[in-house]
Novice: 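First, the structure itself, so that you have it in front of you.
It should be emphasised that the depicted structure is a prediction, and the values quoted were computed from it without experimental measurement.
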Amino acid sequence: HTKEGYKRMSQDQNNQNKMKKYQIIIIVIASLIILGVAAFFIIRGTQDDADTATLQTIGTVDTDEVTDAVSATTFQIGMDDVVATVNGENVTGSDVLVYYEQMLSYYGEPDTDYVELYYSIAMEQAITMKLISLTAAEMGLDQYTDEELAELYATSDSEWQYALDNYVSYNLEETDETTDADREAAYADAESYYALLGYTKETLRESYLENETYERVKAALCEDVTVTDDEVQAYYDDAVAADQEAYEFDIDAYESQMLMYQYGYADEEPWYRPEGYRYIKNILLAVDDDLMTNYTDLVARYEEQMDDEEAGDTTDEDAQDVVTAEDIDAAKAAIIASVQTEIDEINAKLAEGVSFDDLMTEYGIDTTMTDGTYPNGYEVSLASYGYVTEFISAAFSVDEIGDVSEPYVSEYGVHIIKYAGDVPAGPVELTDDLKSLIYDELYDEKCDDVLNAWHEASDIQYTGVIRSLEEIQADEETSAE
């Protein structure tokens, strides 16, 4: 879990309402340290100069006009244009361009219709950074000792080196004939590549320093924010009640949410479990590739035959190449026979009292069974979406907790499962870890309110060179009418 994973629907709706105001702090930490966190991990071996030549950097702009990367006529601002003032201090086109180029390097060039929106978001970031800078100076938070700077820069430099190493390892094919000169040239190419995206070792240091200053300002402004135990408990109770209503009698909805979470399309697991789930532990035995390919091909052809027969779409040629259930059974038997020695050893060791967990480590290739991801086992029901049918059949082929199944063949290998226990129906346990995550979530929400108030209380004036997000939204709503 992450703390973001425990946001509730009602809170998301409240956040959406806040977003509609467009009076929020647009501090995207990922964009401030994007080099170290994201962009450096997206190294394209096929990207050449032609792909990146349109990404301008301040150092390569030769005129007083800054033209967006999409069209020379769609939107322009001057480097010295004052786009806004923050407590009387100017925010200029050059300030905006820093964040605009960060957006380009991460999200890519916008369509023509969205160029001004990109600039507007970049302007809000520049405004926020100006406000942070002014507040930090006022509160004395922009002063760093040599030791503090050295530590910060060491972290930044490590990220920079990691990025260069990644680029070189991806783009330089090391051989016995690779020379130091080749490596030096590859690292020079890496620096050039990131420079085209607007990043250098020094700009990354500046981003880390900006981020650290922001964290100092945030900590100071949120110094009086507190979260009580009662608030944590109330948050938990509300979340459980909502999920109980959603999932107690709708196992399909529960399974859908679980599947979305497992594949990264949802931020959280349900906080209430319906009945009917077992904890299942799995010894997955590796199978010879040829045997597995033969089996999966037969299964695919058999399923296709069934579909054709159901649709009445069969030919004489199909009849000559028919796959029978007996063919599939024979392929399964061949697979079982190929790992029979391991199966016999596992059964013998179980009879001797060796733990199933130890045997998972010794024989199994399912790493999530041994890396701590599922310490109690997989949570499986007869209605589970996220498992192949053979695995579910194995999971419910035994009746008593502690029972071990016969070997079952699936496209992943041979499964020997243990019915490790029943998953308790009802609310997830409010553990200390969960309390801590809820606390962090509530603290962040309260701190966001404080930061929003700080932002709104500032004297921010837009000059009209770039429309604000609020103006863009209002114009869009008017056009829609």
Side-chain angles (χ1 to χ4, degrees), residues 1-33 37 86-87 124-125 127-145 148 151-152 155 208-245 266-272 427-460:
H1 291 299
T2 62
K3 62 187 178 185
E4 288 81 4
Y6 292 94
K7 291 183 178 177
R8 313 310 304 170
M9 183 65 70
S10 60
Q11 292 160 344
D12 288 340
Q13 292 170 344
N14 289 337
N15 288 340
Q16 290 171 7
N17 291 334
K18 290 178 182 177
M19 283 292 293
K20 288 181 180 179
K21 298 178 181 178
Y22 285 91
Q23 295 277 338
I24 59 172
I25 297 178
I26 304 180
I27 298 177
V28 182
I29 298 305
S31 73
L32 297 180
I33 57 173
V37 176
V86 180
N87 295 339
E124 293 294 345
Q125 287 182 274
I127 287 171
T128 298
M129 294 312 302
K130 178 70 72 173
L131 182 56
I132 289 170
S133 177
L134 294 173
T135 304
E138 180 182 339
M139 302 176 76
L141 300 175
D142 59 348
Q143 303 301 308
Y144 291 85
T145 65
E148 289 170 335
E151 182 179 358
L152 190 67
T155 302
Y208 267 77
L209 187 59
E210 280 185 340
N211 185 44
E212 177 61 26
T213 301
Y214 160 69
E215 292 294 343
R216 289 183 173 191
V217 170
K218 177 181 176 181
L221 293 173
C222 297
E223 183 179 11
D224 296 329
V225 171
T226 60
V227 176
T228 67
D229 290 342
D230 287 344
E231 288 173 320
V232 170
Q233 184 66 49
Y235 183 104
Y236 169 79
D237 291 341
D238 289 346
V240 167
D243 280 359
Q244 181 175 1
E245 182 178 355
D267 291 332
E268 64 178 35
E269 294 183 65
W271 286 22
Y272 188 94
V428 298
E429 181 183 358
L430 182 56
T431 62
D432 288 341
D433 286 344
L434 183 52
K435 286 180 181 179
S436 178
L437 291 170
I438 294 173
Y439 175 93
D440 289 344
E441 178 62 32
L442 291 174
Y443 175 86
D444 285 346
E445 289 180 359
K446 289 186 176 184
C447 191
D448 284 347
D449 290 339
V450 171
L451 295 176
N452 284 331
W454 163 70
H455 189 270
E456 291 173 2
S458 303
D459 181 15
I460 298 173

Novice: Before you tell me yes or no, could you show the steps for E124 and K130 under salt bridge (charged side-chain N to carboxylate O under 4.0 Å, His left out), namely the whole-Å CA-CA distance, both residues' side-chain angles and the distance that decides it to 0.1 Å?
Specialist: CA-CA 10 Å; E124 293 294 345; K130 178 70 72 173; over 6 Å; no
Novice: With rounding to the nearest 0.5 angstrom, report the OH to CD1 distance, Y236 to I438.
Specialist: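 Nearest 0.5 Å value for the OH-CD1 distance: 8.0 Å.
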Novice: Side chains of T213 and Y144: closer than 4.5 Å at any heavy-atom pair?
Specialist: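 T213 vs Y144: side chains touch.
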Novice: State plainly whether the residues K218 and E212 are in salt-bridge range, i.e. N to O under 4.0 Å.
Specialist: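 Salt bridge: no.
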Novice: Go through the steps to decide whether L434 and E429 satisfy the test side-chain contact (heavy atoms from CB on, under 4.5 Å), and finish with yes or no.
Specialist: CA-CA 8 Å; L434 183 52; E429 181 183 358; over 6 Å; no
Novice: Determine whether more than 12 heavy atoms belonging to other residues, nucleotides or ligands lie under 6.0 Å from atom CG of D459.
Specialist: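 Count over threshold, so yes.
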Novice: Do W454 and I132 come within less than 4.5 Å of each other through their side chains, counting heavy atoms only?
Specialist: yes
Novice: If I take atom CG from residue D432 and atom OH from residue Y439, how far apart are they, to the nearest 0.5 angstrom?
Specialist: 14.5 Å
Novice: Counting heavy atoms not belonging to E148, are there more than 12 under 6.0 Å from its CD?
Specialist: yes
Novice: Going from OG on S458 to CG on L131, what distance comes out if it is rounded to the nearest 0.5 angstrom?
Specialist: 4.0 Å
Novice: State which residues pass side chain to side chain contact (heavy atoms under 4.5 Å, CB included) with D237; sequence neighbours excluded, sorted by chain then number.
Specialist: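 Q233.
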Novice: Quick one: do N211 and E215 satisfy side-chain contact (heavy atoms from CB on, under 4.5 Å)? Show the steps, please.
Specialist: CA-CA 6 Å; N211 185 44; E215 292 294 343; 4.2 Å; yes
Novice: Can you name the closest pair of heavy atoms from Y235 and E441 and give their distance?
Specialist: OH-CG, 3.6 Å
Novice: Start with the C-alpha gap between Y214 and L451, add the side-chain angles, then the distance that decides, and say whether side-chain contact (heavy atoms from CB on, under 4.5 Å) holds.
Specialist: CA-CA 11 Å; Y214 160 69; L451 295 176; 3.9 Å; yes
Novice: When rounded to the nearest 0.5 angstrom, what distance separates OG in S133 from CG in D142?
Specialist: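 Atom-to-atom, S133:OG and D142:CG are 7.0 Å apart.
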Novice: Quick check: closest heavy atoms across I460 and I127, and the distance to 0.1 Å?
Specialist: CD1-CG2, 3.8 Å
Novice: For K446, enumerate each residue passing the salt bridge (charged side-chain N to carboxylate O under 4.0 Å, His left out) test, keeping only those at least two apart in sequence or located in another chain.
Specialist: E231
Novice: Say you draw a straight line from OG of S436 to OH of Y443; how long is it, rounded to the nearest 0.5 Å?
Specialist: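 With rounding to 0.5 Å, OG (S436) is 13.0 Å from OH (Y443).
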Novice: Over all heavy atoms of both residues, which pair between P270 and V428 is shortest? Give the atoms and the distance, please.
Specialist: O-CG1, 3.8 Å
Novice: Between M139 and T135, is any pair of side-chain heavy atoms under 4.5 Å apart?
Specialist: yes
Novice: What are the two closest heavy atoms between R216 and Q143, and how far apart are they?
Specialist: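 Where R216 meets Q143 most closely, the heavy atoms are NH1-O, 2.9 Å.
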Novice: State the SG-CG distance between C447 and L221, to the nearest 0.5 angstrom.
Specialist: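 C447 SG to L221 CG: 7.5 Å, rounded to 0.5 Å.
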